[in-house]
Amino acid sequence: MSAYLIDDPKYSFLKDLGLEKKNVGVFNGKWNANGQVIQSISPANGKVIAEVQGASASDYEACAAAAQDAWHSWADLPAPARGEIVRQIGDALREKLQPLGQLVSLEMGKILPEAVGEVVEYIHVCDLALGLSRSLPGTVFPSERPGHMLIEKWNPLGAIGIITAFNFPVAVFGWNSAIAMICGDTSVWKPSDTTPLVAVAVTKIVESVLKRNDIPGAVAALCVGGKDIGQQLVQDPRMKLVSFTGSTAVGQQVGVEVQKRFGRHLLELGGNNAIVVNEDANVDLLVSAALFACAGTAGQRCTTTRRMFIHKKLYKEVVSRLAKSFAGVVSKIGDPLEANSLIGPLHTAAAVEAYKKTVAEALKQGGKIEFGGKVIEREGYFVEPTIITGLAHDSPLVKTECFAPIVYCIEIPDLDTGIKYNNEVDQGLSSSLFTENMGNVFKWIGPHGSDCGIVNVNIPTNGAEVGGAFGGEKATGGGRECGSDAWKAYMRRSTVTINCSGAIKLAQNIQFGDE
């Protein structure tokens, strides 16, 4: 058996996070797992980092029962007290910021600045949640009946399930966990089985805070596993909400299963995102933004730009300059932990095959490779960022998301056409318009503009802040996480009428029987 990377002094940060060669992937207040052993593979070199023992069906059952039991005491804590725990989690993450970012980079494959930024995102959500814990609203409405109070009261849901994807193995858990915690919910986390070490490391950090404050560990339970564990969670009526991040195809199945038991679901699914380039666009600004939008994270963000609709007056210039921009970063594709890398690998060998298949199909359909299109011959799962022209806007290939750094450039005659093309795909996650005209901006963000959940102007489609609600429309699932009023998904609302009058008075002046 070849040596694991955790034994290499180069990766000593792994042990700084409490990781070992063999790790337990189930936590419900105690660390104990009886399921299959998962080998975590680094996409930068295809080598095994370490092992994680996943959950069995009985392990999941123990997690769910413990989370449900822990909820009673957790929900009884005042929201500001719960916020204080989340504040401490944010501070604990700050202490482990660098090694945790390095782990994300090693296990997921994104470059170190992005990986550290992802941990910072969780920290920012903790900050957001702390403030929210002291400002969760309630409403008093005027009652039409004398001596009556009409109020709206929000209460915790209970235990919730969080299923996260490989591409943001820290942040998406943080989006859900920090907000759910201050709302009074407990959680069972089923992470991607290709980023289990990140999940174990994050849970150890959260555990340290809970333990220090005598809070039951099952407030934040962990259940590493495959599809069987995910299915068990989705079908579990104790999970009052299931937050799922992943593909549209799987998300649709999750939504149906949860709805069958009348549970709640929060779906963050695919995004076939577009940039629309109007004739008055600032091309310098556009090219700078498009490089990260299309090629950043090796095209593995759900908000990555997959389509560019470019006004005919700028089309040739934009394609040419974008190709030149891509060419300038090819030499900086490499080990995501190295300081000079700008683009890391795809996450798995299967992702490389999907990339190759998509490029071949584009050529078969008459597309032209303006740049890239090749797998980089080196250890790991590296590919070139790719620009494809010559395909129709409504080509099935263009309308299908490939989770890789491939962008289709398509010429448009006017803004209205760009908006139409932007909206014609099934998904509706993120979009951006480049224009210098305020009239165009208001058309773009208005009722006949972009139909996405994220509607940007003169910035990339990716790189959202935590203060706004994150999510999309249509086949993206309709869920919202993080800021704004996304907290409402994690609570139940009651309309309460209190009679202080000493007499029964019916609404709508209804007379019933003797008064």
Side-chain angles (χ1 to χ4, degrees), residues 18 23-36 38 52-77 79 81-82 84-86 88-89 92 129 155-164 172-174 176-193 196-244 258 261 263-264 266 490-492:
N23 300 275
V24 177
V26 179
F27 176 72
N28 57 17
K30 297 179 180 179
W31 291 92
N32 182 50
N34 300 281
Q36 293 184 340
I38 299 168
V52 176
Q53 185 162 16
S56 65
S58 60
D59 290 336
Y60 169 78
E61 174 60 33
C63 281
Q68 187 180 40
D69 185 60
W71 175 75
H72 295 286
S73 59
W74 181 246
D76 281 343
L77 281 179
R82 298 193 296 259
E84 168 59 18
I85 301 301
V86 173
Q88 292 180 35
I89 291 172
N155 284 301
L157 280 179
I160 70 167
I162 303 171
I163 301 177
T164 58
V172 174
F173 171 71
N176 285 275
S177 176
I179 302 299
M181 286 182 78
I182 65 99
C183 289
D185 299 332
T186 59
S187 64
V188 178
W189 178 19
K190 208 295 282 184
S192 168
D193 57 8
L197 292 173
V198 169
V200 171
V202 168
T203 300
K204 284 181 179 292
I205 292 169
V206 174
E207 177 200 12
S208 69
V209 173
L210 297 177
K211 188 174 182 179
R212 188 166 65 241
N213 289 274
D214 295 321
I215 302 294
V219 165
L222 172 68
C223 211
V224 171
K227 292 180 181 178
D228 55 333
I229 298 301
Q231 187 173 33
Q232 199 173 350
L233 185 155
V234 165
Q235 294 175 342
D236 188 349
R238 290 169 296 188
M239 298 297 110
K240 302 304 181 185
L241 166 74
V242 175
S243 173
F244 173 85
V258 174
R261 60 178 178 83
R264 287 194 198 179
L266 195 167
Y490 305 91
M491 304 193 81
R492 59 179 176 83

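- Here the CG atom belonging to Asn213 is positioned 7.0 Å from the CD atom belonging to Glu84, to the nearest 0.5 angstrom.
- Atom CZ in Arg492 sits 10.5 Å away from atom CG in Asp185 (nearest 0.5 Å).
- In terms of heavy-atom proximity, Val224 sits nearest to Pro191 at CG2-CG, 3.8 Å.
- Going from atom CG of Leu241 over to atom CD1 of Ile162 covers 8.5 Å, rounded to the nearest 0.5 Å.
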side-chain contact (heavy atoms from CB on, under 4.5 Å) assessment of Arg264 paired with Leu157: CA-CA 10 Å; Arg264 287 194 198 179; Leu157 280 179; 3.7 Å; yes
Show the numbers, then the answer: is there a side-chain contact (heavy atoms from CB on, under 4.5 Å) between Ile160 and Val242? CA-CA 6 Å; Ile160 70 167; Val242 175; over 6 Å; no
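- By the side-chain contact (heavy atoms from CB on, under 4.5 Å) test, Ala66 pairs with Asn28, Ala218, sequence neighbours left out.
- Looking at Tyr490 and Ile182, their side chains never come closer than 4.5 Å, going by heavy atoms from C-beta outward.
- Not counting sequence neighbours, the partners of Ser192 by the side-chain contact (heavy atoms from CB on, under 4.5 Å) test are Phe166, Thr194, Thr195.
- Scanning for side chain to side chain donor-acceptor pair (under 3.5 Å) contacts around Ser187 gives an empty result, with sequence neighbours left out.
- Shortest non-hydrogen contact noted between Leu210 and Ile85 is CD2-CG2, 3.9 Å.
- Under the 4.5 Å side-chain criterion, counting only non-hydrogen atoms from C-beta, Val26 is not in contact with Asn34.
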Does the side-chain contact (heavy atoms from CB on, under 4.5 Å) test come out yes or no for Ile229 and Leu233, once each step is laid out? CA-CA 6 Å; Ile229 298 301; Leu233 185 155; 5.6 Å; no
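- There is a side-chain donor-acceptor pair under 3.5 Å between Thr164 and Trp189.
- Listed by first and then second residue, the salt bridge (Lys or Arg N to Asp or Glu O under 4.0 Å) pairs involving residues 225-241 are Glu61-Arg238, Asp236-Arg238 (not counting sequence neighbours).
- In this structure, the side-chain contact (heavy atoms from CB on, under 4.5 Å) partners of Ala178, at least two apart in sequence or on a different chain, are Val86, Tyr122, Val125, Cys126, Ala129.
- Sorted by first then second residue, the side-chain hydrogen bond (donor to acceptor under 3.5 Å, both in side chains) pairs that include residues 64-76, not counting sequence neighbours, number zero.
- Between Gly25 and Val200, the shortest heavy-atom distance links the atoms CA-CG2, 4.1 Å.
- Taking the side chain to side chain donor-acceptor pair (under 3.5 Å) definition, one finds that Gln235 meets it with Glu257, sequence neighbours left out.
- The closest side-chain heavy-atom distance from Ile89 to Met181 is below 4.5 Å.
- Across Gly230 and Ile163, no two heavy atoms sit closer than the pair O-CD1, 4.2 Å.
- Rounding to the nearest 0.5 Å gives a distance of 9.5 Å between CD of Gln88 and OG of Ser208.
- Scored by the side chain to side chain donor-acceptor pair (under 3.5 Å) test, Asn23 finds no partners at all (sequence neighbours excluded).
- Residues passing the side chain to side chain donor-acceptor pair (under 3.5 Å) test with Thr186, sequence neighbours excluded: none.
- Pairs engaging residues 204-223 under the salt bridge (Lys or Arg N to Asp or Glu O under 4.0 Å) rule: none recorded [sequence neighbours left out].
- Closest of all the heavy-atom pairs between Val188 and Ala64 is CG2-CA, 4.1 Å.
- For the pair Trp31 and Thr203, the minimum side-chain heavy-atom distance is below 4.5 Å.
- To the nearest 0.5 Å, atom CD of residue Gln232 and atom CE of residue Met239 are 10.0 Å apart.
- Counting only heavy atoms from C-beta outward, the side chains of Cys183 and Pro156 never approach each other to under 4.5 Å.
- Residues satisfying the ring-ring contact (aromatic ring centres under 6.0 Å, His included) test with Phe244, not counting sequence neighbours, are none.
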